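Everything numeric here is computed off the predicted structure, so don't read it as measured data.
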Amino acid sequence: MSLKGIGPFATFLIIGPTCFFLGILFAGLPYDYYVLWSTPNAIAEQPNVDPRSAYFDMQENHLKFLHSSAPLISRMLHIVIATGILGLLMKLYKPTEANKLFDGASLVLYMIGVTVYIANIVKGMRTVSAGAYGNMELAEGETFKDKVLYEGNEPAAYIGREDSLRVVSASNTILAMVLIGILVLQAGQWYAQRKESEEIEQLDNARDEKRKEKSEKAGKKKQ
């Protein structure tokens, strides 16, 4: 049943890209889980090696692979991002109160997600691909994990390889929460509109019943 104010096609344009991005983030969850929240069991053959190091390596290779993919892939991704924005703008054209509340909040969350993607994830992939961890210039072919930096007599503070990868993983988690929030808002809008439609239908039925009873009483009086 089509409900007034929902815009089924526009809702599809929002939910489709949102679920698409959640699928991409889910593909990186096996790395993010051990990079951020849990420590895997130590390898029996290498008891002195940090068991997380293998997951840092896999995450780094995964990000490099994504960043070096064909330009067509990134263009398709940006088209999907634009599709979600289009769906939200369609629902906010001549909006109802429900659209202002739920779709307005969804648009805010969506733009937060786009900001996190541009500021953290894209920047993180560029950093990982270049191997330029930290903020200082390196000699050609040299990375921060091969070099100790000093400011005066003290080691310099910089964001190293593992911290940079953790930032990307944390950004993925934030982005996933934002996208889930959009789905919750869209589901909440559907539920609110459905309940409103049911209540209006009940009121209409009650009004029709009263009119029917009055007409029947009027008919009996004439008889």
Side-chain angles (χ1 to χ4, degrees), residues 16-78 80-81 84 109-151 154-184:
T18 301
C19 293
F20 176 78
F21 298 135
L22 282 172
I24 294 175
L25 295 174
F26 183 78
L29 184 60
Y31 318 116
D32 297 339
Y33 178 74
Y34 286 115
V35 167
L36 286 179
W37 299 300
S38 181
T39 303
N41 296 326
I43 303 174
E45 294 80 5
Q46 300 175 324
N48 297 324
V49 176
D50 182 5
R52 280 187 174 184
S53 61
Y55 290 92
F56 282 114
D57 293 339
M58 286 188 286
Q59 185 195 27
E60 186 177 43
N61 292 332
H62 179 71
L63 293 173
K64 287 180 178 179
F65 178 73
L66 287 177
H67 189 252
S68 62
S69 59
L72 177 64
I73 305 300
S74 61
R75 289 169 191 161
M76 291 174 63
L77 179 64
H78 296 154
V80 176
I81 293 174
L109 287 179
Y110 200 93
M111 297 313 297
I112 290 173
V114 172
T115 303
V116 170
Y117 165 71
I118 295 173
N120 287 2
I121 297 177
V122 172
K123 184 178 179 181
M125 287 194 293
R126 289 175 178 172
T127 300
V128 170
S129 295
Y133 302 107
N135 297 317
M136 297 184 65
E137 294 184 0
L138 300 175
E140 184 177 355
E142 188 176 29
T143 64
F144 277 101
K145 62 183 179 180
D146 302 321
K147 180 178 181 180
V148 178
L149 302 175
Y150 289 89
E151 291 178 353
E154 297 295 329
Y158 64 91
I159 300 178
R161 171 176 175 264
E162 293 186 359
D163 288 336
S164 296
L165 294 173
R166 286 192 181 100
V167 168
V168 176
S169 294
S171 300
N172 288 343
T173 303
I174 294 170
L175 184 55
M177 294 175 66
V178 167
L179 294 173
I180 291 172
I182 293 173
L183 293 179
V184 170

Atom [atom1] in [X], atom [atom2] in [Y]: separation rounded to 0.5 Å?
X: Y55; Y: L36; atom1: OH; atom2: CG; result: 14.0 Å
X: K123; Y: R126; atom1: NZ; atom2: CZ; result: 10.0 Å
X: L183; Y: T18; atom1: CG; atom2: OG1; result: 5.5 Å

Please name the pair of heavy atoms, one in [X] and one in [Y], separated by the smallest distance, quoted to 0.1 Å.
X: P17; Y: G84; value: CG-N, 3.8 Å
X: L77; Y: I24; value: CD1-CD1, 4.0 Å
X: V80; Y: Y110; value: O-OH, 3.9 Å
X: P30; Y: Y34; value: O-CD1, 3.7 Å
X: F56; Y: R166; value: CZ-NH2, 3.7 Å

Does any non-hydrogen side-chain atom of [Y] lie less than 4.5 Å from one of [X]?
X: R161; Y: D57; result: yes
X: L66; Y: M125; result: yes
X: Y117; Y: I81; result: yes
X: H62; Y: M58; result: no

Results of side-chain hydrogen bond (donor to acceptor under 3.5 Å, both in side chains) for S74 - residues two or more places apart only | none
Under 3.5 Å, sequence neighbours excluded: what are the donor-acceptor pairs made by side chains of residues 168-175?
| unit_1 | atom_1 | unit_2 | atom_2 | d |
| --- | --- | --- | --- | --- |
| S169 | OG | D32 | OD1 | 2.8 |
| S169 | OG | Q59 | NE2 | 2.6 |
| S169 | OG | L165 | O | 3.2 |
| S171 | OG | N120 | ND2 | 3.0 |
| S171 | OG | V167 | O | 2.8 |
| N172 | ND2 | D32 | OD2 | 3.2 |
| T173 | OG1 | S169 | O | 3.1 |

